[in-house]
**Student:** 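Quick one: structure below, then a few questions.
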Amino acid sequence: MFKSVKSEWELAVFNSIWVSVWEEKGYELEHTAQVVERYLAVAEDGQCVGTSEIKPYLPGLNEIDTVAPFQQHFKITEDPTRVAEIDKIAVLQHYRGQQPISDLLSSAVYCAEKYNFRYFISLLEPVFYRALRITFRVPMEKVGGKTFYKGDDVIPVIFDMESIYRNKEQYNWLVYPAASPARSASRAM
């Protein structure tokens with residue numbers, strides 16, 4: 001399950017999760033001023049265990065463009081208003097596994113559909129990139145090779161979010177909140 005960060009308390013929980021994961025991994029901390037949405041993954045026991053953050057993308061102005069040439073990619077230049085950056089995907093160590101990742105991916109798809117984003121751009125740790133590609137079959141394209149950035153190797157990618165939300169039945173990990181006005185996908189176990 002996931003939920004949008006709405007209160008100061010939820011924001012504090014959000015920050016405590018991603019900061020603790022970043023520190024554990026040895027990443028440089030990077031706070032964000034402007035966001036579209038922030039989400040918390042919630043475990044079955046009710047604990048908030050993961051985070052994802054969707055940020056507005058302004059070609060050439062986001063720091064991510066210093067790592068890879070996103071602003072020059074034809075998918076991005078086609079309509080930059082339908083592109084956002086996904087960041088701060090983090091899961092507390094004790095809860096790492098398929099379920100929190102499914103919830104965070106679902107939150108990203110939900111956000112993309114809600115705001116009519118076509119693509120998300122991101123920098124992914126190589127093992128996480130492989131998991132998204134193989135285990136979750138997330139449609140994504142590498143935009144450059146592996147690069148060292150702020151404490152770890154990263155792979156720059158473009159996620160085809162529209163392909164996911166237009167074909168929900170192809171993703172058995174995808175689940176939307178029960179009260180969602182958008183068409184809901186069921187989780188096949």
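The structure displayed is predicted, hence computed values, not measured ones. Values below: every heavy atom of this structure, side chains too, minus hydrogens, waters and symmetry copies.
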**Student:** Enter the distance from Y171:OH to E169:CD here, rounded to the nearest 0.5 Å.
**Tutor:** 9.0 Å
**Student:** In terms of side-chain heavy atoms, does E37 have a donor or acceptor partner in Y110 at a distance below 3.5 Å?
**Tutor:** no
**Student:** State plainly whether the residues E10 and K6 are in salt-bridge range, i.e. N to O under 4.0 Å.
**Tutor:** no
**Student:** Would I64 end up clustered with F120 when hydrophobic side chains under 4.5 Å apart are linked, directly or stepwise?
**Tutor:** no
**Student:** Would you mind reporting whether E23 and L29 have side-chain heavy atoms less than 4.5 Å apart?
**Tutor:** yes
**Student:** Do D87 and E30 make a side-chain contact, defined as non-hydrogen atoms from C-beta onward lying under 4.5 Å apart?
**Tutor:** yes
**Student:** Examine L123 and I54 and state if one hydrophobic cluster contains both, with Ile, Leu, Val, Met, Phe, Trp and Tyr joined whenever side-chain heavy atoms are less than 4.5 Å apart.
**Tutor:** no
**Student:** Would you sort out whether D103 and Y39 count as a side-chain contact (heavy atoms from CB on, under 4.5 Å), showing the intermediate values?
**Tutor:** CA-CA 10 Å; D103 293 338; Y39 293 98; over 6 Å; no
**Student:** Output, in order, the C-alpha distance, side-chain angles, deciding distance and verdict of salt bridge (Lys or Arg N to Asp or Glu O under 4.0 Å) for K150 and E63.
**Tutor:** CA-CA 12 Å; K150 294 196 175 190; E63 188 171 344; 3.2 Å; yes
**Student:** Would you say I121 and F159 make side-chain contact, with heavy atoms under 4.5 Å?
**Tutor:** no
**Student:** Could you walk me through whether E78 and R118 pass salt bridge (Lys or Arg N to Asp or Glu O under 4.0 Å), step by step?
**Tutor:** CA-CA 11 Å; E78 181 177 73; R118 186 169 187 190; 2.8 Å; yes
**Student:** Any Lys/Arg nitrogen of K25 or E125 sitting under 4.0 Å from an Asp/Glu carboxylate oxygen of the other?
**Tutor:** no
**Student:** Do the non-hydrogen side-chain atoms of P139 and I164 ever get within less than 4.5 Å of each other?
**Tutor:** yes
**Student:** Hey, does the side chain of T51 reach the backbone of F14 with a donor-acceptor pair shorter than 3.5 angstrom?
**Tutor:** no
**Student:** Report yes if the side chains of F117 and M161 come closer than 4.5 Å at any heavy-atom pair, otherwise no.
**Tutor:** no
**Student:** Atom CG in D152, atom OG1 in T147: separation rounded to 0.5 Å?
**Tutor:** 11.5 Å
**Student:** Judged by modelled atom types alone, do D65 and Y57 share a side-chain donor-acceptor pair under 3.5 Å?
**Tutor:** yes
**Student:** Can any side-chain N or O of R96 pair as donor or acceptor with the backbone N or O of V91 at less than 3.5 Å?
**Tutor:** yes
**Student:** How long is the span from the CG atom in L132 to the CD1 atom in I89, to the nearest 0.5 Å?
**Tutor:** 7.0 Å
**Student:** Spell out, as yes or no, whether a donor-acceptor pair under 3.5 Å connects the side chain of N62 to the backbone of P56.
**Tutor:** yes
**Student:** Do P59 and T77 touch side chain to side chain, with heavy atoms closer than 4.5 Å?
**Tutor:** no
**Student:** Taking side chain as C-beta onward, heavy atoms only, is N116 less than 4.5 Å from Y165?
**Tutor:** yes
**Student:** Decide yes or no on side-chain hydrogen bond (donor to acceptor under 3.5 Å, both in side chains) for Y95 and Q47, but give the supporting numbers first.
**Tutor:** CA-CA 10 Å; Y95 290 90; Q47 294 294 313; 5.1 Å; no
**Student:** Judged by atom type as modelled, is there a donor-acceptor pair below 3.5 Å linking the side chain of S20 to the main-chain atoms of I17?
**Tutor:** yes
**Student:** When you compare the side chain of V109 with that of L105, does any pair of heavy atoms fall below 4.5 Å?
**Tutor:** no
